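Position 1 is the first residue of the sequence; numbering continues from there. What you see is a predicted model, and the numbers here were worked out from it, not measured in a lab.
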Amino acid sequence: NAQPETPDAPVVAGEVSQPTCDEATGSFSITAETGMEYSFNGGAFETNTSWSELAADTYTVTARNADGCESEELSVTINAQPETPDAPVVAGEVS
């Protein structure tokens, strides 16, 4: 009998969407593979492959195949929202 294979670590599909001046949270998706389930940040294994409205932090995703073998973790960092500059102030007197 062949030993079950450990799946490859999940891969980000496209780019990680980082926070902007107008959007405080980020998001990312992974490439879905047939027969795989995914654990987001150590949670329950599900078929979900997209996560959104993520605050600044580092998140992990682990894949599990039908044999119950788990991959290495994918680590994704969502950056802090950029600071919005202060509104301009009138210098001197308005004429």
Side-chain angles (χ1 to χ4, degrees):
N1 285 344
Q3 180 176 351
E5 289 191 27
T6 300
D8 292 333
V11 177
V12 172
E15 293 185 18
V16 175
S17 175
Q18 296 290 353
T20 64
C21 294
D22 297 326
E23 181 64 45
T25 59
S27 63
F28 71 96
S29 298
I30 57 171
T31 303
E33 292 195 34
T34 304
M36 292 288 185
E37 292 182 314
Y38 303 96
S39 170
F40 179 73
N41 265 8
F45 280 90
E46 305 174 325
T47 56
N48 188 29
T49 59
S50 181
W51 298 273
S52 60
E53 298 183 11
L54 302 172
D57 204 346
T58 299
Y59 298 92
T60 60
V61 179
T62 306
R64 180 176 70 185
N65 62 21
D67 293 323
C69 298
E70 295 181 17
S71 71
E72 291 186 18
E73 289 181 341
L74 164 68
S75 181
V76 176
T77 300
I78 300 295
N79 298 329
Q81 182 178 21
E83 285 191 35
T84 303
D86 293 334
V89 177
V90 175
E93 294 181 23
V94 177
S95 50

Donor-acceptor check, side chain of [X] to backbone of [Y], threshold 3.5 angstrom: yes or no?
X: N65; Y: D67; answer: yes
X: N41; Y: T60; answer: yes
X: Q18; Y: N79; answer: yes

- [ ] Apply side chain to side chain contact (heavy atoms under 4.5 Å, CB included) to T20 and list each qualifying residue two or more places apart in sequence or on a separate chain.
- [x] D22, E23
For residues [X] and [Y], report the shortest heavy-atom separation together with the two atoms involved.
X: Q81; Y: A24; answer: OE1-CB, 3.4 Å
X: A63; Y: P10; answer: N-CG, 3.8 Å
X: P19; Y: P82; answer: O-CD, 3.7 Å
X: C21; Y: T84; answer: O-OG1, 4.0 Å

If you define the side chain from C-beta out and look only at heavy atoms, does anything of [X] sit under 4.5 Å from [Y]?
X: V61; Y: F28; value: yes
X: T25; Y: S52; value: no
X: E46; Y: F40; value: no
X: I78; Y: D57; value: no

- [ ] Can you run down the side-chain hydrogen bond (donor to acceptor under 3.5 Å, both in side chains) pairs that involve residues 27-40, sequence neighbours left out, and say none if there aren't any?
- [x] S29-S50, E37-R64
Task: Distance, nearest 0.5 Å, that separates OG of S71 from CD of E5 - done: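 If I round to the nearest 0.5 Å, the distance is 13.5 Å.
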TODO: Flag yes if L54 and V12 sit in one hydrophobic cluster, no otherwise; membership is Ile, Leu, Val, Met, Phe, Trp, Tyr, and two members link when side-chain heavy atoms are under 4.5 Å apart.
DONE: yes
TODO: Examine F45 and V76 and state if one hydrophobic cluster contains both, with Ile, Leu, Val, Met, Phe, Trp and Tyr joined whenever side-chain heavy atoms are less than 4.5 Å apart.
DONE: no
